[in-house]
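Ligands are counted one by one from 1 in listed order, and the atoms in each one are counted from 1 as well.
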Amino acid sequence: MDAQFSIRPAIETDCSEILRLIQELADYEKMPDGPKIGAEVLIGDGFNNAEAAYYHCLVAESQDAPGQLVAYCLYFYTYSTDVGRCVYMEDLYVSPNFRSKGLGKSLWQTLVKNALERDCVRCEFVVLDWNQSSIEFYHLQGAKNMSSQEGWVQLRMNESVMASFKAPKTLSNTKVRRALKRYLLYYYVYSTWEGRAVCMEDFYVSPKSRNKGIGQSLLEALLKIAVDKKCVRCNFKVHKSNEASLTFFSKIGSQNISSDEGWLLYRMDRNAMEEFIKVK
Ligand SMILES: CC(C)(COP(=O)(O)OP(=O)(O)OC[C@H]1O[C@@H](n2cnc3c(N)ncnc32)[C@H](O)[C@@H]1OP(=O)(O)O)[C@@H](O)C(=O)NCCC(=O)NCCS
């Protein structure tokens with residue numbers, strides 16, 4: 001990496017510069033109206049309580065202009081019920097004049113080092129299908145397109161759908177206590193456009209218990225928790241062959257952001273992560 005730049009964890013006073021770069025990335029992604037949060041939200045969610053921060057952020061600063069940020073990488077830790085701890089890279093962005101100096105790679109390597117220290121076994125992120133130059137960069141570093149290799153479709157519920165969701169039938173506590181073969185596993189995530197969000201990792205009702213409103217009740221419970229926590233999005237992925245789920249989620253107002261906006265899921269697995277941090 002070019003010695004004129006330093007890479008470091010973001011501090012509270014970086015937030016307005018990070019927001020400037022978030023807007024640059026949204027412009028580049030042809031969604032200029034995407035970012036909706038202000039610096040106070042970024043500060044509150046990332047720095048007010050270090051133990052319970054909603055995200056982590058690394059920044060690249062020019063030595064010549066201290067305080068002026070030229071690149072950032074924002075990420076958070078997630079969980080897979082298949083493999084355990086994972087990390088999700090929400091944004092990786094280098095301002096145009098500072099590209100091809102090794103900053104993008106160094107920021108991502110630092111994220112991956114941090115994640116390996118926490119025993120994460122996957123680094124995941126999404127990229128727009130037309131963003132060929134970034135896709136090439138990601139492939140070069142060992143990431144794989146899981147939308148094409150495994151057939152994942154990205155879905156999202158927005159704030160109004162979450163707030164208005166009501167199960168048609170509320171189960172009694174007894175019925176919920178007996179509901180051993182049904183579960184919904186989730187964790188908190190972060191959107192650099194809208195702030196706090198929740199990700200539904202697994203949502204399962206055993207075949208015998210289906211069509212009794214149990215799935216709707218589980219989802220209602222999650223969305224209540226999420227809305228109470230001021231989450232404004234619920235993200236999740238569904239396999240493209242799972243037509244019943246895709247229909248269910250579409251009926252309740254979820255958006256298929258893979259087909260509507262072109263987001264593809266990418267993943268670097270543990271071996272690739274370990275190789276990646278060795279590269280100079
Ligand atoms: C993608 C991006 C983060 C790469 O950052 P960068 O600082 O320009 O890239 P680096 O200088 O760290 O490049 C590291 C390596 O990748 C290669 N590389 C960089 N961009 C590449 C591209 N578009 N195609 C192929 N290889 C590329 C470099 O040649 C270099 O190879 P080397 O290690 O063998 O020398 C940056 O171009 C960017 O911010 N793009 C716009 C925003 C974006 O698309 N972000 C991702 C959203 S999902």
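At the top of the distance list for atom 18 (N) of ligand 1, counting protein heavy atoms only, stands Phe137 CD1, 3.8 Å. Among all non-hydrogen protein atoms, the one lying nearest atom 42 (C) of ligand 1 is Tyr93 CD1, 3.5 Å. Of all protein heavy atoms, the one lying nearest to atom 15 (C) of ligand 1 is Gln141 NE2, 3.4 Å. The protein atom (non-hydrogen) at minimum distance from atom 7 (O) of ligand 1 is Gly104 N, 2.8 Å. The shortest contact between atom 8 (O) of ligand 1 and any protein heavy atom is with Ser100 N, 2.9 Å. When hydrogens are left out, the protein atom nearest atom 41 (C) of ligand 1 is Arg99 NH2, 3.4 Å; that is the closest non-hydrogen contact. The protein heavy atom nearest to atom 23 (N) of ligand 1 is Ser133 O, 2.9 Å.
Using a 4.5 Å heavy-atom cutoff, the side chains of Asp269 and Val121 are not in contact.
Ion pair Glu274/Arg270 flagged as a salt bridge, since at least one NZ, NE, NH1 or NH2 atom sits closer than 4.0 Å to an Asp/Glu carboxylate oxygen. The pair Arg20-Glu24 meets the salt-bridge criterion, since a charged nitrogen lies less than 4.0 angstrom from a carboxylate oxygen. A salt bridge links Arg8 and Asp14; the closest N-O separation between the charged side-chain nitrogens and carboxylate oxygens is under 4.0 Å. A salt bridge between Arg233 and Glu159 is absent, with no side-chain N of the basic residue lying under 4.0 Å from a carboxylate O of the acidic one. Glu124 and Arg267 are joined by a salt bridge, as a carboxylate oxygen and a charged side-chain nitrogen come within less than 4.0 angstrom of each other.
Classified by interplanar angle (parallel below 30°, tilted 30° to 60°, perpendicular above 60°), the ring pair His56/Tyr77 is perpendicular. Classified by interplanar angle (parallel below 30°, tilted 30° to 60°, perpendicular above 60°), the ring pair Phe248/Phe203 is tilted.
At least one N or O atom of Lys105, backbone or side chain, sits closer than 3.5 Å to an N or O atom of ligand 1. Residue contacts with ligand 1: Val94 is placed with a nitrogen or oxygen under 3.5 Å of a nitrogen or oxygen of the ligand (distance criterion only). In terms of polar-atom proximity, defined here as any N/O pair under 3.5 Å, Leu140 makes no such contact with ligand 1. Between Ser134 and ligand 1, an N or O atom pair is found at a separation short of 3.5 Å. Between Leu92 and ligand 1, at least one N/O pair is under 3.5 Å apart.
Crowding of Lys224 atom NZ: a count of heavy atoms from other residues, nucleotides or ligands under 6.0 Å not exceeding 12. Under a cut-off of 6.0 angstrom, the local environment of NZ in Lys240 is sparse, with at most 12 non-hydrogen atoms contributed by other residues, nucleotides or ligands.
Only the side chain of Leu25 comes within 4.0 Å of ligand 1, counting heavy atoms alone; its backbone N, CA, C and O stay farther away. Heavy atoms of Tyr28 found under 4.0 angstrom from ligand 1 belong exclusively to the side chain. At a heavy-atom distance under 4.0 Å, only side-chain atoms of Tyr138, from C-beta outward, approach ligand 1. Contacts of Asn131 with ligand 1, taken as heavy-atom pairs under 4.0 Å, involve the side chain alone.
Distance screen at 4.0 Å: atom 35 (O) of ligand 1 has no protein heavy-atom neighbour inside the cut-off. Remark: atom 38 (C) of ligand 1 lies closer than 4.0 Å to at least one protein heavy atom. Under the 4.0 Å distance rule, the nearest protein heavy atom to atom 29 (O) of ligand 1 falls outside the cut-off. Taking a distance limit of 4.0 Å, we find that atom 10 (P) of ligand 1 is approached by some protein heavy atom.
Contact between Leu107 and ligand 1 is absent, with no heavy atom of the residue lying under 4.0 Å from the ligand.
Ser134 contributes atom OG, which lies 8.0 Å from atom CG of Leu92 (distance to the nearest 0.5 angstrom).
In this structure, Lys30 is positioned above the aromatic face of Trp130, its NZ or CZ under 6.0 Å from the six-membered ring centre and within 45° of the axis.
For ligand 1, the atoms lying closer than 4.0 Å to a non-hydrogen atom of Val126 are 48 (S). For ligand 1 and Lys101, the ligand atoms under 4.0 Å from any heavy atom of the residue are 11 (O).
The residue from Phe125, Tyr75, Tyr72 that alone fulfils the ring-ring contact (aromatic ring centres under 6.0 Å, His included) condition with Trp108 is Phe125.
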Would you please test Asp45 and Tyr55 for side chain to side chain donor-acceptor pair (under 3.5 Å) and show each step?
CA-CA 7 Å; Asp45 291 339; Tyr55 66 86; over 6 Å; no
